Each structure stands twice: as C-alpha cells, then as structure tokens.
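All remarks here apply to the structure that follows.
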Amino acid sequence: MWQVSYQRTQGVIIPPPDFKVAIIGDSGYGPRADAVLELISEQGAQLVLHQGDLGYDEENPESAVKWHSGVERILDSSVEGFFPYLYSVGNHDLKYWDQVEPKGYSRILRERTEQTHGLECQGELGVNSSCSYQGLFVVLSGAGTKGENHQEFMARALNENQDYLRRISSWHKNEYWIPPSKASSPTSTRSEIMQAGGKPDESGWEVYQESQLGGSIIVTGHEHSYSRSYTLTDLGNEAGGHGATGDADRMEIGTGKTFVLVSGLGGKSGRDYECELHEDDTWWASVFTRNYWLRNGDVMEKNCSRLDEEDTESKQFVRTVEEYGDGALFITFYVEGNPYLARGEFLTVDGHQIDQFEIVNQRE
C-alpha cells in the first residue's frame with residue numbers, strides 16, 4: 001500500500017507528485033473487464049474512479065460479488081489490503097445496490113472504504129457522498145439514477161472543501177434537456193448533448209453547473225464510448241457551445257471553469273458516434289467510438305455510413321477505427337514538479353494512446 005503523502009502548500013491541499021488516477025465506467029465482469037483492470041494495474045494507477053454500471057448481470061443476485069471478484073483478483077492482490085477503488089451508482093446497479101446478502105454494491109463499497117488506509121468518506125456512499133484520498137477530493141453522486149438533493153449536496157461539498165486544489169465530480173448518467181418554461185438558466189434545445197452517442201440524458205444541468213462553479217473536473221459514464229470536452233465556462237448554454245474555450249489539448253480548471261469527461265469503455269461494450277446528432281457539436285476536443293476518432297480537434301478516422309441504410313432498427317454504423325477497443329482514462333496529478341499541472345491520457349487494452357492532454361489549475 002502506498003504511504004499517504006499529500007501536502008499542504010500555502011493553505012492548499014495537493015496530491016503527491018505523479019499521483020495517478022484511473023477513470024472508467026460501464027465495465028460488467030468477465031474477460032473484457034479483467035483486461036481493463038489489468039491495464040490499470042500495469043499503468044501503476046493509485047486510485048480507481050468508476051462511474052457506475054458495474055456488474056450488469058441483473059438476473060443474478062451474485063452480480064455484485066462476481067464483479068467484485070475481478071477487482072479483488074487483479075487489483076487487491078497487488079497491495080496490502082484493499083486497492084483504493086471508488087464508484088458511483090449506475091442504473092444497472094440499482095437492483096442489487098442495497099442488497100445485504102449476497103453482498104450488494106453499496107455494502108461492498110462501504111466495506112472497502114472503511115478498510116482502505118488513508119481513504120476518508122462521508123455521506124451516502126456512491127449516491128450523495130464525498131471522499132478524500134492522497135489530497136484528491138471526490139464527490140460521488142447518484143444524479144439521474146438514485147437519491148435526491150444532488151445539487152444541494154454537490155454545492156455544499158465543493159464549497160466546504162475549497163482547500164483541496166484537485167477536485168473531481170463523479171456520477172453515472174449524462175445531462176438532460178430542460179423545457180424553457182421550467183429552466184432557471186440558459187437551456188439546450190435537444191438531448192444527447194454531454195456524450196457522443198444516442199443515450200437519453202437524465203442527470204440534469206444543475207450538478208454540471210455546480211461543478212463548473214467549483215472548478216471541479218466532471219467525469220461520467222453511461223454512454224459506452226470516450227469523449228472529452230474543451231474547457232467549458234457556460235454549461236447548459238448549447239447555443240454558446242457551453243462556453244467552450246482554449247486549446248484542445250490544454251484544459252483549464254478554476255472558479256467557473258471545468259471540462260467534461262465520459263469514460264464508458266470499461267469492458268461491457270462499445271457504441272457508435274451518432275453523426276446526425278452531434279455533427280454540430282462544437283465543444284468536443286476528443287472522441288473515441290467504433291466509427292469516429294477525434295484527437296485534440298483533429299479527425300483521425302470517421303465513417304458515418306450505416307451497415308444497412310434500410311435498417312431503421314439497429315442503425316449500426318460501419319466500423320472504421322482500427323485502434324478501437326476497451327480502455328481507461330488516466331490522469332496524473334503534480335507532474336514535472338508542478339503541483340498545478342496534471343496530464344491525462346486515454347489508453348486501450350491493446351496499448352493505443354487515443355487521447356493526451358494537460359490540465360492546468362489556475363487557482364491562485
């Protein structure tokens with residue numbers, strides 16, 4: 001187990017140098033999920049953030065236990081005790097989330113957090129909770145999936161923990177469209193906005209906006225692909241591109257500034273880029289799906305042709321991205337001796353580097 005070694009500099013809590021976090025979602029269990037966990041182990045990650053949809057096997061009461069066995073076998077075996085592993089509730093986790101026997105997801109999460117040295121959490125774990133580990137502060141939310149008062153909890157948690165330089169907001173589902181008559185802020189005119197596929201949007205803009213206000217990185221799952229936005233300053237304002245600004249490979253974090261990550265290639269399955277839904281999106285810096293690879297604003301590969309143009313049911317695109325596969329996003333904090341600098345990269349289980357970028361914290 002790694003020694004707890006976060007620092008406090010000028011009143012700000014910072015992670016130790018080269019502190020690496022793996023970010024995944026939508027894993028299931030089995031060979032594909034195991035390959036992602038093995039990638040995480042090989043890359044030397046020191047913490048996993050899993051944005052929901054863990055086991056998927058909703059007809060099996062032992063689904064949570066079977067999912068957990070992969071984590072135990074591959075990650076826990078590499079440390080003394082439990083490997084630091086946090087997750088938010090996903091819609092496919094709900095049936096066995098609160099199950100007592102066999103162990104459900106919430107019980108497993110509680111036991112792991114209580115017995116992971118240096119990990120401190122409070123609240124309803126995975127639903128309305130916050131955790132700190134090695135100087136990193138994380139809010140785990142069930143927005144759009146389970147629980148209530150998520151905006152209030154998010155706002156309070158971020159406001160009360162401003163001394164953490166690095167903060168992450170984690171939940172499973174993506175945002176949803178709010179009718180103008182019910183909106184209290186600039187609204188979007190359609191759904192499927194904060195991801196690259198066709199998932200209906202369900203979490204609400206409020207948790208996005210609270211995270212932006214607090215300068216907290218936003219990580220979600222649900223859509224089985226990878227996407228990363230530009231720096232965003234006006235989440236919810238689709239007409240204004242959600243305030244997308246800056247360079248595609250440089251994320252800026254600070255009060256009123258954040259960026260959105262969707263990391264949903266944890267091992268369950270992969271999906272297409274829905275061309276007709278997202279061709280006018282101006283806020284994506286990188287996208288990785290079966291039929292489209294955008295890397296820091298440059299189109300690497302793309303195909304919007306359907307396998308069968310007459311098939312109105314499956315609507316599957318022709319796959320063109322040879323490098324496509326499951327993988328994980330890795331963010332390494334405090335690099336090159338600079339506590340305000342971090343680097344991110346998305347790697348596939350086959351060793352392809354799909355995305356690479358830096359994160360600059362502009363907090364004074």
Side-chain angles (χ1 to χ4, degrees), residues 14-26 36 39-51 84 86 133-139 164-171 194-196 208 211-212 215-221 223 225-232 244-254 257-266 283-289 293-298 300 323 325-349 351-363:
I14 58 177
D18 300 315
F19 178 62
K20 183 179 286 190
V21 179
I23 297 173
I24 62 173
D26 308 276
V36 174
L39 171 67
I40 290 170
S41 179
E42 292 165 2
Q43 289 297 312
Q46 295 156 275
L47 171 69
V48 174
L49 293 182
H50 191 142
Q51 279 58 243
L86 294 171
Y133 181 71
Q134 295 280 49
L136 178 69
F137 184 77
V138 181
V139 181
Y164 285 87
L165 179 66
R166 296 296 187 179
R167 302 188 293 175
I168 295 177
S169 300
S170 162
W171 61 87
M194 280 297 142
Q195 36 93 9
Y208 282 88
S211 299
Q212 176 194 313
S216 181
I217 299 170
I218 297 170
V219 296
T220 66
E223 177 61 25
S225 62
Y226 169 75
S227 53
R228 172 179 61 86
S229 74
Y230 283 84
T231 299
L232 302 179
T245 186
D247 298 327
D249 61 351
R250 178 185 168 91
M251 304 292 97
E252 297 178 356
I253 293 293
K257 286 186 175 183
T258 187
F259 66 102
V260 173
L261 292 161
V262 180
S263 184
L265 291 173
W283 46 92
W284 295 120
S286 293
V287 173
F288 184 58
T289 68
W293 179 13
L294 175 72
R295 180 184 171 116
N296 285 323
D298 294 325
M300 310 298 289
E323 295 83 355
D326 301 322
L329 173 69
F330 297 92
I331 296 180
T332 305
F333 297 98
Y334 199 159
V335 297
E336 297 182 4
N338 184 353
Y340 291 84
L341 179 65
R343 285 211 170 87
E345 60 176 349
F346 188 92
L347 301 175
T348 70
V349 295
H352 300 294
Q353 186 193 69
I354 300 304
D355 191 21
Q356 185 178 39
F357 57 97
E358 66 179 21
I359 308 168
V360 178
N361 194 300
Q362 297 182 327
R363 177 172 176 174

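Only heavy atoms go into these numbers, but all of them, side chains included; no hydrogens, no water, no symmetry mates. Owing to the predicted nature of the structure, the values given are computational and were not obtained by experimental measurement.
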For Q356, all residues meeting side-chain contact (heavy atoms from CB on, under 4.5 Å), sequence neighbours excluded: R295, Q353

Aromatic plane relationship, F19 with Y133 - under 30° parallel, 30 to 60° tilted, over 60° perpendicular: tilted

Whether F346 and F288 hold their rings parallel, tilted or perpendicular, with breakpoints at 30° and 60°: tilted

Donor-acceptor under 3.5 Å (T220 side chain, W171 main chain): no

Side chain proximity check, T348 to D326, heavy atoms < 4.5 angstrom: no

Note, Y340 side chain near L165 side chain (heavy atom, < 4.5 Å): yes

Partner set under side chain to side chain donor-acceptor pair (under 3.5 Å) for S211, not counting sequence neighbours: S169

Results of side chain to side chain donor-acceptor pair (under 3.5 Å) for D355 - residues two or more places apart only: Y226, R228, S286

Salt bridge (charged side-chain N to carboxylate O under 4.0 Å, His left out) against E345, all qualifying residues, sequence neighbours excluded: none

Contact check, side chains of L136 and Y164, non-hydrogen atoms, under 4.5 Å: no

Rounded distance [0.5 Å steps], OG in S227 versus CG in L294: 10.0 Å

Test item: E323 and I354 side chains (from C-beta on) under 4.5 Å apart, heavy atoms: yes

Test item: L329 and I24 side chains (from C-beta on) under 4.5 Å apart, heavy atoms: no

Side chain to side chain donor-acceptor pair (under 3.5 Å) involving K257 - partner list, sequence neighbours excluded: E252, Q362

Closest heavy-atom pair and its distance - K20, T332: CE-OG1, 3.4 Å

Sub-4.5 Å side-chain heavy-atom contact between V260 and Y208: yes

Exercise: identify the closest heavy-atom pair between Q134 and P16: O-CD, 3.2 Å

Closest approach of A342 to I331 (non-hydrogen atoms, all atoms of both residues): CB-CG2, 4.3 Å

CD1 on I253 to OG1 on T231, rounded to 0.5 Å: 6.5 Å

Flag side-chain contact, heavy atom, 4.5 Å: V138 against L49: yes

Minimum heavy-atom distance between T289 and S225, given as atom pair plus value: CG2-CB, 3.6 Å

Donor-acceptor pair, side chain of T258 and main chain of G215, under 3.5 angstrom: no

R343: partners by salt bridge (charged side-chain N to carboxylate O under 4.0 Å, His left out), with sequence neighbours left out: E336

Note, V48 side chain near I40 side chain (heavy atom, < 4.5 Å): yes

Separation of I217 CD1 from I359 CD1 (nearest 0.5 Å): 4.0 Å

Spacing of NE2 belonging to H50 relative to OG belonging to S263, to within rounding of 0.5 Å: 9.0 Å

Pair S170, Q51: side-chain N/O donor-acceptor within cut-off below 3.5 Å: yes

Check: F259 ring centroid to W284 ring centroid under 6.0 Å: no

Closest heavy-atom pair and its distance - I14, P339: CD1-CB, 3.7 Å

